[in-house]
Amino acid sequence: MITSLAITSLYVLDQDEALDFYVGTLGLEIGTDADLGFMRFLTVRVPGETREVLLERPGAPSMDDATAGQVRDLVTKGAAGTLFFQTDDVQGLWRDLQSKGVELPEKPVDRGYGTDFGFRDPFGNHVRVSQPPR
């Protein structure tokens, strides 16, 4: 029986740039950063959480070069993944990210299920942040 979700994967084009964005800009922390020889196993997580996101470069060992090229193209078009985060202060986080130069195409909006906004990471992946209703 499955008891939990531990790691999910998100394709990124440059792991160092992804680390800078997800840790340096968004405030996540490194879970694992291991050189396995055939790949870099790099995970991040929300501080205090156990679930992690694998910041994975498209390529070997999980796919051939042709497929990796197709995946990289999909990533830049925003078609390869979305991360959904929660916060206790969506307005404050929006202002903080704006001050850090993150391109924010929308302001936080009350959508009934909570207030949220979305943007893209440096590679094209969708990121959404919501604050549940109080």
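Positions are given from 1 along the sequence.
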Is the shortest heavy-atom distance from the side chain of [X] to the side chain of [Y] under 4.5 Å?
X: Trp94; Y: Leu104; answer: yes
X: Leu19; Y: Gln15; answer: no
X: Val12; Y: Val75; answer: no

Got a sec, which pairs hit salt bridge (Lys or Arg N to Asp or Glu O under 4.0 Å) with one end in [range], sequence neighbours left out?
range: residues 58-70; result: none
range: residues 25-43; result: Asp16-Arg40, Glu29-Arg45, Asp33-Arg40
range: residues 118-130; result: Glu106-Arg128, Asp116-Arg128

Value rounded to 0.5 Å, distance of [atom1] in [X] from [atom2] in [Y]:
X: Thr32; Y: Leu42; atom1: OG1; atom2: CG; value: 8.5 Å
X: Leu13; Y: Glu56; atom1: CG; atom2: CD; value: 12.0 Å
X: Thr43; Y: Leu10; atom1: OG1; atom2: CG; value: 12.5 Å
X: Arg57; Y: Phe123; atom1: CZ; atom2: CZ; value: 10.5 Å
X: Leu93; Y: Thr87; atom1: CG; atom2: OG1; value: 5.0 Å
X: Phe84; Y: Ser130; atom1: CZ; atom2: OG; value: 9.0 Å

In chain order, what residues pass the side chain to side chain contact (heavy atoms under 4.5 Å, CB included) check against [X], with sequence neighbours excluded?
X: Met63; result: Tyr11, Pro58, Thr67, Ala68, Val71
X: Asp110; result: Thr115
X: Leu36; result: Ala34, Phe38, Met39, Phe41

Could you check whether any side-chain N or O of [X] sits under 3.5 Å from a backbone N or O of [Y], counting only pairs where one atom can act as donor and the other as acceptor?
X: Thr25; Y: Tyr22; value: no
X: Gln131; Y: Asp88; value: yes
X: His126; Y: Gly78; value: yes

Contact summary for Gly118 and Pro105, nearest pair of heavy atoms: O-CD, 3.7 Å
Between Pro122 and Glu17, what is the shortest heavy-atom contact and its length? CB-OE2, 3.4 Å
Can you get from [X] to [Y] by hopping between Ile, Leu, Val, Met, Phe, Trp and Tyr side chains that sit under 4.5 Å apart?
X: Val102; Y: Val109; result: no
X: Phe119; Y: Leu55; result: yes
X: Phe85; Y: Ile7; result: no

Among Leu28, Leu26, Val53, which one satisfies side chain to side chain contact (heavy atoms under 4.5 Å, CB included) with Val46? Leu28
In sequence, state the C-alpha distance, the side-chain angles, and the governing distance for Val129 and Phe117, and then conclude on side-chain contact (heavy atoms from CB on, under 4.5 Å). CA-CA 6 Å; Val129 180; Phe117 67 96; 3.9 Å; yes
In this structure, are over 12 heavy atoms from other groups packed under 6.0 Å from [X] atom [atom1]?
X: Glu103; atom1: CD; result: no
X: Arg111; atom1: CZ; result: yes
X: Lys107; atom1: NZ; result: no

